Amino acid sequence: MLRSCAPRLRTLGALRGLTGGARPAVGDAGPALRLFSSEKFIDKDRSLPNPSWSKEIRLLFDQFMKKCEDGSWKRVPSYRYISPQDSKPTKEEGQMSRARIFSRSYDDGLGFEFVMFHNDVEKRTVCFFQGGPHLQGPSGLLHGGALATMIDVTGGVTAVMTGEFVMTANLNINFKRPIPLGSVIVINSQIDKVEGRKFFVSCDVQSVDEKTLYSNATARFFLNYIHSD
Ligand SMILES: CCCCCCCCCCCC(=O)SCCNC(=O)CCNC(=O)[C@H](O)C(C)(C)COP(=O)(O)OP(=O)(O)OC[C@H]1O[C@@H](n2cnc3c(N)ncnc32)[C@H](O)[C@@H]1OP(=O)(O)O
């Protein structure tokens, strides 16, 4: 029986519903923003171009927004918070009142700049990602943990759009080639199989011209039941 994550689940389900089947505005997840608005607080959808986006990621964005016109693809909105309850300044004191989604915790251009598009029929998600200067690992290269985060989130979104609220059970990543910091990469993620509450996902990470395979990964995401006591 789902309890404490029910509101979150409802939200994710509703968000999935919006992106999965609702009447979407062209390429958008429909009125998803309303899910995150309250009288005082409207969380900004961060999966939209901002001045830090390079020409390359903007071009990819435009290409996929066109693919959304027939409804086969949907742009996945992305916010600093995962549910309306989080999106309003929480009543919690101290540090926890500042909790937000890790991959949306940097100012524009400094960290994770990305946009995802999901295809419900093909059960796959494409993420265009541009890693900012605060994600540096070895000099001039993207930190492996930053790439792992994007693989985790992209795979998680692929499962969420197919299932409901998920938790990552494991993530197996092969780092094949270093990724120049600031470059745009393409993360392709798909559901390989679903066994009960387990989603088996595979991802590959390529350069935009598809000439370089930077990484490949497999992951398992679990529908996260909160067992009744
Ligand atoms: C639109 C945008 C929205 C936003 C969308 C954003 C998506 C965000 C995605 C990021 C998500 C995260 O980072 S989540 C944060 C990182 N992950 C975590 O903190 C997860 C911590 N771990 C757990 O909560 C738990 O271990 C679970 C939920 C993973 C599994 O617990 P459980 O459900 O109790 O499972 P349990 O009964 O132990 O085992 C059930 C079966 O699964 C198997 N199993 C259990 N763990 C594993 C494992 N790690 N790898 C393989 N198999 C496993 C067991 O062998 C057993 O097999 P059998 O006997 O059935 O054969």
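We count ligands from 1, going down the list as the structure has it; atoms in each ligand are counted the same way. Throughout, numbering of the chain's residues begins at 1 and tracks the sequence. Bear in mind that the values here come from a model prediction, so they are computed numbers and not experimental data.
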Polar contact flag for Ala169 and ligand 1 (N/O pairs, less than 3.5 Å):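 So ligand 1 has an N or O lying under 3.5 Å from an N or O of Ala169.
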
From CA spacing to verdict: side chain to side chain contact (heavy atoms under 4.5 Å, CB included), Asp45, Arg75: CA-CA 11 Å; Asp45 180 349; Arg75 185 184 67 86; 2.6 Å; yes

According to side-chain hydrogen bond (donor to acceptor under 3.5 Å, both in side chains), does anything in residues 127-148 pair up with another residue at least two apart or in another chain? List the pairs. Ser54-Gln130

Atom indices of ligand 1 within 4.0 angstrom of [X] heavy atoms, with elements:
| X | answer |
| --- | --- |
| Arg197 | 33 (O) |
| Asn170 | 48 (C), 50 (N), 51 (C) |
| Met161 | 1 (C) |

Hey, what's the ring geometry for Trp73 with Phe64, parallel, tilted or perpendicular (30° and 60° as the breaks)? perpendicular

Counterpart residues, side-chain contact (heavy atoms from CB on, under 4.5 Å), relative to Ser78 (two or more places apart):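 Checked Ser78 against side-chain contact (heavy atoms from CB on, under 4.5 Å); matches are Ser47, Arg104, Phe114.
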
Would you indicate which of Gly196, Pro77, Gly156 comes nearest to atom 7 (C) of ligand 1 when only heavy atoms are counted?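 That would be Gly156.
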
If hydrogens are left out, which of Leu223, Leu171, Thr168, Thr154 has an atom nearest to atom 20 (C) of ligand 1, that is, the closest non-hydrogen atom?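 Selected option, by shortest heavy-atom distance: Thr168.
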
Looking only at the aromatic ring of each residue, does the gap between the centers of Phe112 and Phe102 stay below 6.0 angstrom?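 They qualify: ring centres under 6.0 Å apart.
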
